[in-house]
Amino acid sequence: EIGRAVLDGAWALALPLLQEADQFWRGFDASTRGARDAGFWLHRCHELLGSRAQAGQAPAGAAAANNGTGRSVGRFS
């Protein structure tokens, strides 16, 4: 469902799903690739929805996903 919403550009529909995925991975194992991907996409969703303040609150996966370079190294880039 997340993939379909993202591919359709339906970021508002994807947001609660991405929040749920990010919350799961942070609680399960925040050091995994799944956690980095979830954090990256949640951060990206907030950016695209114009939620800059919220985007700043989801840096764990986003920062890890680009290794501080500003370029994503995730498999979805």
Ala30 to Ala35 - nearest heavy-atom pair and separation: O-CB, 3.5 Å
Give, for atom CG of Leu48 and atom NE2 of His43, the distance between the pair rounded to the nearest 0.5 Å. 9.5 Å
dist Trp41:CH2 -> Leu17:CG (nearest 0.5 Å) comes out at 14.5 Å
Side chain to side chain contact (heavy atoms under 4.5 Å, CB included) against Leu15, all qualifying residues, sequence neighbours excluded: Gln19, Leu42, Cys45, His46, Leu49
Which residues share a ring-ring contact (aromatic ring centres under 6.0 Å, His included) with Trp25, sequence neighbours left out: Phe28
